[in-house]
Amino acid sequence: MTYTSILLRLLDERGYIHQLTDAEGLDSLANAQVIPGYIGFDATAPSLHVGSLVQIMLLRRLQQAGHKPIVLMGGGTTKVGDPSGKDESRKLLTAEAIDANIASIRKVFERFLTFGDGPSDAVMVNNDDWLSALGYVDLLREVGPHFTINRMLTFDSVKLRLEREQPLTFLEFNYMILQAYDFRELALQHGCRLQMGGSDQWGNIVNGIELTRRMNGIEVFGVTTPLLTTADGAKMGKTAAGAVWLNEDALPAWDFWQYWRNADDRDVGKFLRLFTDLPLDEIARLEALEGSEINAAKVVLANEVTRLCRGDEAAKAAEATASATFAGGGVGADLPVLALPAEGIGIIDALVGIGFAASRGEAKRLVAGGGARVDGEPVGDEAFHIPGGQETRISSGKKRHGVLRPA
RNA sequence: GGACAGGUGGCCGAGUGGUUAAAGGCAGCAGACUGUAAAUCUGCCCGCGCAAGCGUACGCUAGUUCGAAUCUAGCCCUGUCCA
């Protein structure tokens, strides 16, 4: 359908919409009022990673369209221990750890959203505030009658596990009820009318909509985003170094920038639309670049995403490092640095010390395989000694570079 | 509580007494080709050691054996069915 509201047009043309519960209803509501809308986030780690970036940008778009983003932190659900990660039971986090995680995660949201008291200013809430106060019997009486086991069993999240004969605990089974309860609570407390989330959240969102209507007669809406994978089918956000964290202290800006710079050709347009504020005609131009020219578009992508998430300076520094390192064959300021002792250092120790190899064995294999370079020259001898006294460039493969600098 | 089937390296999954640091696949790393892309081909892929080798490792704990991922007992966990 053709949307008339600024919000849905914006979301549609930039590729955020996978499913809508009631497109027309939401469209006309968006024309009529400022919609408070929320997305829930985990508080299991001190930083979110790239996998959550679509949702964060979605809240940003909501605000750009004049509506009110609500960031729901799952402090209460995290307390129980998020069971969604298959069979391994996670360590339960202490309340203090969860609060610290939330504070840390908030720093990233402050870059993407404007917080405050105004009508379209963002707010952050914690479901611990209401979930922890719930009594079990009260919850059962209040919410229990609105869910049938029959229907709960039909949800994909449940059905798949049963079909595969994988464990599904009662805790997990109840998770959807708590999430549904969140939506109703936000509708009452904040006038929230919209929940957004990944496509895997569809069931939970629908439950929340049902529950809110049944208990309070309020009509609320849901939007899901497509499941984001890279063009070769992998989940987003994994690299050699591990997850691509959004927080600066969890992943240096240089590595963050590199992640985007190395995007698959086929993903460039999609990423530009989802993760940057560039106008669509500009994106269309960049996306149309062919052959090696697309690399220019990747640099723009890396710059823009890094700027949003880490700030302008970080983005500029990363780009400068990239051109010095790759185009100039020199060393950029953002590269990792290892102190070079006056007497020099062995190649193996250097590789391990700077973090290019996790163990000495791995470093040796790297050297044996021809992947280790010193000042651009391949080193094939694991006994190779790097002399001290002068700044030296060390590399693992063609992409990971570092600097040995005299102490 | 009972019967049966299971628990193997980041993941999946072979392996029923020595030749098993454990097939194969996926993921990952590196090389070649390129454009810091993809695809393809090649090599690597527990730790320490230059090496011989040593240390860890097949749910946990005790045993049998010259020798165990493989056999025995107990325990823990998961699934299916029964109560």
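Here is how names work: the chains are called A, B, and so on, in the same order as the sequence lines, proteins then strands, and each is numbered from 1.
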Self-check item: Given RNA chain B, 5'-ward residue of the pair A:Lys398 and A:Glu290, judged by closest heavy atom
Solution: A:Lys398

[X] near the nucleic acid: base, sugar-phosphate alone, or nothing, with a heavy-atom cut-off under 4.0 Å?
X        : answer
A:Gln258 : base
A:Ala322 : base
A:Arg365 : sugar-phosphate
A:Thr325 : nothing

Rounded to whole angstrom, note down the [atom1] distance from [N] over to [M].
N      : M      : atom1 : answer
B:rU64 : B:rC81 : P     : 40 Å
B:rU72 : B:rG1  : C1'   : 25 Å
B:rU70 : B:rC48 : P     : 28 Å
B:rA32 : B:rC46 : P     : 23 Å
B:rG59 : B:rC45 : P     : 24 Å
B:rU20 : B:rC11 : P     : 24 Å
B:rC41 : B:rC60 : C1'   : 45 Å
B:rG10 : B:rG18 : C1'   : 30 Å

Counting heavy atoms from C-beta on, name the nucleotide in [options] closest to the side chain of [X].
X        : options                : value
A:Ser396 : B:rG35, B:rC50, B:rA30 : B:rA30
A:Asp264 : B:rG49, B:rA37, B:rA30 : B:rA37
A:Asp265 : B:rG47, B:rU36, B:rG35 : B:rG35
A:Leu366 : B:rG35, B:rC44, B:rC29 : B:rC29
A:Arg400 : B:rU36, B:rC29, B:rG35 : B:rC29
A:Arg360 : B:rC48, B:rU36, B:rG35 : B:rC48

Nearest-angstrom distance from the residue atom [atom1] of [X] to [atom2] of [N]:
X        : N      : atom1 : atom2 : answer
A:Lys399 : B:rG28 : NZ    : P     : 11 Å
A:Phe256 : B:rU36 : CZ    : C1'   : 17 Å
A:Glu382 : B:rA30 : CD    : C1'   : 15 Å
A:Leu301 : B:rU36 : CG    : C1'   : 14 Å
A:Trp254 : B:rU36 : CH2   : P     : 13 Å
A:Glu362 : B:rA30 : CD    : P     : 10 Å
A:Leu351 : B:rC44 : CG    : P     : 19 Å
A:Phe356 : B:rC44 : CZ    : P     : 24 Å

Quiz item: Does a side-chain N-to-carboxylate-O contact under 4.0 Å join A:Glu110 and A:Arg106?
Solution: yes

Exercise. Report yes if a side-chain nitrogen or oxygen of A:Ser292 is closer than 4.0 Å to either non-bridging phosphate oxygen (OP1 or OP2) of B:rU34; otherwise report no.
Key: no

Quiz item: Between B:rC48 and A:Lys364, is there an OP1 or OP2 to side-chain N/O distance shorter than 4.0 Å?
Solution: no

Practice problem: Go through the steps to decide whether A:Gln64 and A:Asp277 satisfy the test side chain to side chain contact (heavy atoms under 4.5 Å, CB included), and finish with yes or no. | Solution: CA-CA 10 Å; A:Gln64 285 172 344; A:Asp277 286 339; 3.1 Å; yes

Watson-Crick or G-U wobble partner for [N], using a 3.5 Å limit on both distances?
N      : answer
B:rC48 : B:rG53
B:rU16 : none
B:rA68 : none
B:rU40 : B:rA32
B:rC11 : B:rG25
B:rA73 : B:rU61
B:rU80 : B:rA3

Quiz prompt | Minimum side-chain heavy-atom gap A:Phe275-A:Glu304 below 4.5 Å | solution = no

Quiz prompt | Six-ring centre of A:Tyr16, A:Arg61 cation under 6.0 angstrom, axis tolerance 45° | solution = no

Exercise. Decide yes or no on side chain to side chain contact (heavy atoms under 4.5 Å, CB included) for A:Val403 and A:Thr392, but give the supporting numbers first.
Key: CA-CA 6 Å; A:Val403 186; A:Thr392 306; over 6 Å; no

Quiz prompt | Side-chain donor or acceptor of A:Gln63 paired with backbone N/O of A:Thr114 under 3.5 Å | solution = yes

Quiz item: Hey, are A:Gln258 and A:Asp255 close enough side-chain-wise for a donor-acceptor pair under 3.5 Å?
Solution: no

Quiz item: Is the count of non-hydrogen atoms from other residues, nucleotides or ligands lying under 6.0 Å from A:Glu24 atom CD greater than 12?
Solution: no

